[in-house]
Amino acid sequence: MTSASHTDHKYDPAAVEARAQSHWQQTRAFEVREDSARPKYYCLSMLPYPSGKLHMGHVRNYTIGDVLARSRRMRGYNVLQPMGWDAFGMPAENAAIQHNVAPAKWTRENIAYMKGQLQRLGFALDWSREIATCDADYYRHEQWLFTRLLEKGLIYKKKGVVNWDPIDETVLANEQVIDGRGWRSGAVVEKREIAMYYMKITAYAEELLAALDELPGWPQQVRTMQKNWIGKSEGVRFAFPYELDGEAGQLWVFTTRADTIMGATFVAVAAEHPLALRAAQSNPQLAAFIEECRQGSVAEADMETMEKKGVATGLFVRHPLTNEPVPVWVGNYVLMGYGEGAVMAVPAHDERDFAFAKKYNLPIRQVIAKDGETFSTDAWQPWYADKENVHCVHSGKYDGLAHEAAIDAIAADLAAQGLGEKKVQFRLRDWGISRQRYWGCPIPVIHCEACGDVPVPDADLPVRLPENVELTGRGSPLAKMPEFYECTCPRCGKPARRETDTLDTFVESSWYFLRYACPDAATMVDARAQYWSPVDQYIGGIEHAILHLLYARFFTRAMRDCGLLEHAEPFTRLLTQGMVVAETYYREQKNGKKDWFNPADIDVTRDEKGRITAAHLRQDGQPVVIGNTEKMSKSKNNGVDPQALIDQYGADTARFFIIFAAPPEQQLEWSDSGVEGAYRFLRRVWNYGQKMRAEILPAHTDSAAPQDAALRFELHTHLKQANHDLEKMQLNTVASATMKMLNVLEKAPAADTALHLEGFSILLRVLSPIAPHLCHALWQDCGFAERHHAELADAAWPQPDSAALARNRIEMMIQVNGKLRGKFEVAADASREDIEAAALAAESVQGFLAGATVRKVIVVPGRLVNLVI
RNA sequence: GCCGGGAUGGUGAAACUGGUAAACACAGCGGACUUAAAAUCCGCCGGCAUAACAGCCUUACGGGUUCAAGUCCCGUUCCCGGCACCA
């Protein structure tokens, strides 16, 4: 049963873990295939970007996934848990520029290293299904789908606005724009319009929204965020007619507050709006303002927080209901790519318009009133924007109408003139998927002067990304490679030019979970994808709550509508893990830039209460500023390397600590203390296992029964709690329960061998998903594999014994006026009257009852009695 | 700015459906064992007050509902995530 190397009494994580891992590898324990005899369980963690080495967030994510996967397997499920690499992306290009290494080489080396780390952590992964999104065997299918979606009209081309760095002549990601300047060049960033491909996600807006109600396995907060992001609103789209240079035109806007139209005192248009550009031709001041609006990033957060500015165009449109002239302004806060690129402004009933009108001295006209409130243009009051219990005033024939009625009447009048109608609008915008980057999936389109944009025929796929390139950081590499872009048109055979943009990396991560099911399929997916779909449990960071998860939901539907799948929702249950955060430390340079220091290089000073009072850089002993506690990131240099933890304490300790330290959905604040405690606990388990082998097992006979009912009650109470918490995915208290179980077993008399055996077999099974290596070794060494006829990974999950949990007397509390005053014992099946009588007679409350009248007695069976006096 | 979330002892946290606030740990303090150290084991450990008990207070802050509120409602502060080209 055991070999000499296993009989060493000291807990040696490295040896224990190598032993378990080689067992799993030799038995191919976690390679699975379709099996109609058992329920399937597809447990998926978000795939990592191969940035170099694992960070703590990865370890947390995959540990949570592994606990769920292993515990399901022990409950009889056919469990698939795969892993792969989100291998395209910007960091590889940055590394290439900085270290002069090809992105492909850099990425593949990172993958090899990180794979080794994942294997060292002992996750129950089916490595035979591993995929890397940068492999042509993966992205060829994505290119194939692209051409289908292009034909179906679900992908189309239009102009979009990007951040343009005029010095590096390159498009910048929002992340690369810092305070309006390019991160490398320092140049003031400009907005530039370029032609791009878009996925028509808005075609699915209604379905994506409605289906959120049918995702009970998703956290409510994620569903709410997606709902708000899709942003369905019902309103009125209408036009302000105008005449310009003798030509008639219409300026269209959308509003959800058509009941306030009579208070519209100006119209604001985006800087890129055709009317603005036309007016600027003869208005240098306006032209200068439009130029100013072109500067800065395209990020919405920047647009929303910047100072709202505007300039009058000098043009006027006519109010569609009053025919009065209304001035047209250009506002830097109006987005051309959103809605109509123009908004009506009602200063009296919109807070932003109010501020703008005050700033530029534009009229503020009240058209909504509320009983008991007085309107004043001096300061904004929240009720000005109310929709309930308000009515129209100063609005002619609409006076007295409530919100809904006014909208109906106004929409009808606009429609009668052909100047508007009710409309449902979504905040959701189509998904721009073109990237002017090198390290991504090439867009499979050929541009021909005669034939236009021609999709690459199936037979010519994949369009391979050339892998040996030099990156300079200027321009787009593919656009400088004639050997890549020079080609012939598949239709007419004449010389043509290949598209040099690549796809957004979110495209790869929108369907990878389907490819795991059939990684060797000749087509994009096959029947195996249907067997494993949908993913039963998805685990990943809360930061992906909107974009990635929404894109994947859309993509699954698009594939369904191409006949590739039968289902619409990719992920049945979702667990959004909290972030791993750590303190930040920095020093500010004279130019305002911050140098960030890693927590590992910092010594902190604490006061007698343990609070941090100061921090110093170990290297020079000089003080540093203590920043906020934030998500571990490269930019803030506050990452803690999990490798050091694994090297020192082993994978089981790292896993146990991460599970124990915080509930999965909550943020996990990293601290080195506590890891030691996890290690001590596992060592106690190991030492108990050695005692089991040396003392308990030799004394045990199979006919013996557990003796100590009180301890057995505690043991099964902890097991019941653990099972309940596991179901809720509150894994930290599952870990606590295993600690409580060990505390019980260490109290148990050595002679009660049956209790020890029962208890330890339960403990090992409950602990095994969290610390699988240690438990695997003890399970074998203590003979449980023979007793239970299964290796631990396949052992049946333990269930509490109801006989052990039965009680005939229970303890209840007595409150007097809601304050705890005493306790008493009562038979478990006592009647309400008996409980009440026992409570009133209890010694501990006599002092409070003396001279008082008991007005009311509240009995909560099994818990407490509250005496109201 | 907008959307979503969070705040409980020195620290991480627990408290099931509104019913004993602080389980389980970490750190700290005291003790046992030891020539000594490490390891291990035992005890104490929210605040005020007290010789000790009794008692009073306490779940970010301010109100409210209830026999009873960490939990529900209203308002506020601070922190975190996302905001469409970071992944």
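By convention in this document, chain letters (A, B, ...) are assigned in the order of the sequence lines, proteins followed by strands, and residues within each chain are numbered from 1. Predicted, not measured: the structure shown is a model, and the values here were computed from it.
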Worksheet item: Looking at A/K691 and A/E746, does any basic side-chain N land under 4.0 Å from a carboxylate oxygen?
Response: no
Worksheet item: Given that A/K823 and A/T305 both sit by RNA chain B, which one's nearest nucleotide is further toward the 5' end?
Response: A/T305
Item to complete: Send over the distance from A/K747 NZ to B/C42 P, rounded to a whole Å.
Response: 11 Å
Worksheet item: Going by distance alone, is a donor N or O of one side chain under 3.5 Å from an acceptor N or O of the other, for A/T576 and A/E665?
Response: yes
Practice prompt. Measure from NZ or CZ of A/K157 to the centre of the six-membered ring of A/Y198, then state whether that distance is under 6.0 Å and the direction lies within 45° of the axis.
Written response: no
Discussion item. Across nucleotides 74-87 of chain B, 5' to 3', mark each nucleotide with B, S or - according to how protein heavy atoms within less than 4.0 Å reach it.
Written reply: ------SSSBBBBB
Response to the item:
Sorted by chain and residue number, the ring pair (Phe, Tyr, Trp, His ring centres under 6.0 Å) partners of A/F506 (sequence neighbours excluded) come out as A/Y551
Discussion item. How many whole angstroms separate atom OH of A/Y649 from atom C1' of B/A39?
Written reply: 14 Å
Dump the pairs, protein N or O against N or O of nucleotides 24-29 of chain B, anything under 3.5 Å, distances to one decimal.
{"from": "B/A25", "atom 1": "OP1", "to": "A/N743", "atom 2": "OD1", "distance (Å)": "3.4"}
{"from": "B/A25", "atom 1": "OP1", "to": "A/N743", "atom 2": "ND2", "distance (Å)": "2.8"}
{"from": "B/C26", "atom 1": "OP1", "to": "A/R680", "atom 2": "NE", "distance (Å)": "3.4"}
{"from": "B/C26", "atom 1": "OP1", "to": "A/R680", "atom 2": "NH2", "distance (Å)": "2.9"}
{"from": "B/A27", "atom 1": "OP2", "to": "A/R680", "atom 2": "NH2", "distance (Å)": "3.0"}

Worksheet item: If we take the P atom in both B/A25 and B/U35, what is their distance in whole Å?
Response: 30 Å
Worksheet item: On a whole-Å scale, what distance lies between the P atoms belonging to B/U11 and B/G46?
Response: 13 Å
Worksheet entry | Rounded distance in Å between the C1' positions of B/U50 and B/A39 | 40 Å
Worksheet, complete the sentence: A/F660 meets the ring pair (Phe, Tyr, Trp, His ring centres under 6.0 Å) criterion, sequence neighbours left out, with A/F656
Show the atom names and distances, to 0.1 Å, of all donor-acceptor pairs under 3.5 Å that link a side chain in residues 729-737 of chain A to residues at least two apart or in another chain.
{"from": "A/Q730", "atom 1": "NE2", "to": "A/T733", "atom 2": "OG1", "distance (Å)": "3.2"}
{"from": "A/T733", "atom 1": "OG1", "to": "A/D725", "atom 2": "OD2", "distance (Å)": "2.7"}
{"from": "A/T733", "atom 1": "OG1", "to": "A/Q730", "atom 2": "O", "distance (Å)": "3.1"}
{"from": "A/S736", "atom 1": "OG", "to": "A/N732", "atom 2": "O", "distance (Å)": "3.2"}

Discussion item. What is the distance, to the nearest angstrom, from the CG atom on A/L726 to the C1' atom on B/C16?
Written reply: 15 Å
Worksheet item: Using the P atom in both, what is the distance from B/G1 to B/G70, to the nearest Å?
Response: 32 Å
Item to complete: Return the value, rounded to whole Å, for the distance between atom CD of A/Q226 and atom P of B/G5.
Response: 14 Å
Worksheet entry | Distance-minimising heavy-atom pair for A/V161 and A/K191 | CG1-CB, 3.6 Å
Practice prompt. Provide, to the nearest angstrom, the distance between the CG atom belonging to A/L820 and the P atom belonging to B/A15.
Written response: 20 Å
Worksheet item: Rounded to whole angstrom units, what separation is found between the CD atom of A/Q666 and the C1' atom of B/G4?
Response: 16 Å
Worksheet item: Which atom names give the shortest non-hydrogen contact between A/S185 and A/D165, and what distance separates them?
Response: OG-OD2, 2.6 Å
Worksheet entry | Dot-bracket pairing map - RNA chain B, Watson-Crick plus G-U, both contacts under 3.5 Å, | cross-strand | (((((((..(((......[....))).(((((.......))))).(((......)))..(((((..]....))))))))))))....
Worksheet item: For A/E825, which residues count as a salt bridge (Lys or Arg N to Asp or Glu O under 4.0 Å) partner, sequence neighbours excluded?
Response: A/R809
Worksheet item: Knowing that exactly one of A/W686, A/Y11, A/F657 qualifies, which makes a ring pair (Phe, Tyr, Trp, His ring centres under 6.0 Å) with A/Y679?
Response: A/Y11
Item to complete: Sort and list the pairs that fulfil salt bridge (Lys or Arg N to Asp or Glu O under 4.0 Å) and have at least one residue in residues 855-869 of chain A, not counting sequence neighbours.
Response: none
Fill in: Nucleotide B/G1, atom C1' - distance to CE of A/M303 in whole Å
12 Å
Worksheet item: Which glycosidic conformation, syn or anti, is assigned to B/G9 if syn requires a torsion within 90° of zero?
Response: syn
Worksheet, complete the sentence: Residues at least two apart in sequence or cross-chain that pass salt bridge (Lys or Arg N to Asp or Glu O under 4.0 Å) with A/R553, listed by chain then number, are A/E569
Practice prompt. Identify, with sequence neighbours excluded, every residue that meets ring pair (Phe, Tyr, Trp, His ring centres under 6.0 Å) alongside A/Y688.
Written response: A/H756, A/F760
Worksheet item: Are side-chain N/O atoms of A/D86 and A/S509 paired as donor and acceptor at under 3.5 Å?
Response: no
Worksheet item: Mind checking the C1' distance from B/A49 to B/A54? Whole angstroms is fine.
Response: 11 Å
Discussion item. Going by salt bridge (Lys or Arg N to Asp or Glu O under 4.0 Å), name the residues that satisfy it together with A/R192, two or more places apart in sequence or in a different chain.
Written reply: none
Fill in: Base of B/C67 paired with side chain of A/N866 (donor-acceptor, under 3.5 Å)
yes
Fill in: B/U8 to B/G47 separation - C1' atoms, rounded to the nearest Å
14 Å
Worksheet item: From A/I658 CD1 over to A/Q577 CD, what is the distance, rounded to the nearest 0.5 angstrom?
Response: 9.5 Å
Practice prompt. May I ask you to evaluate whether A/N732 reaches the phosphate of B/G12, defined as a side-chain N or O under 4.0 Å from OP1 or OP2?
Written response: no
Discussion item. What's the gap between B/G43 and B/C80 when it is taken at their C1' atoms, as a whole Å value?
Written reply: 40 Å
Worksheet item: Which letter, B, S or -, goes with each nucleotide of nucleotides 57-62 of chain B from 5' to 3', with contact meaning a protein heavy atom under 4.0 Å?
Response: S-----
Worksheet item: Just checking A/R352: base, sugar-phosphate only, or nothing, at a heavy-atom cut-off of under 4.0 Å?
Response: nothing
Fill in: Span that lies between the C1' atom of B/G18 and that of B/C67, in whole angstrom
12 Å
Worksheet item: Between atom CE in A/M813 and atom C1' in B/G18, what is the gap in whole Å?
Response: 14 Å
Worksheet item: Do the side chain of A/E665 and the base of B/G5 come within less than 3.5 angstrom through a donor-acceptor pair of N or O atoms?
Response: no
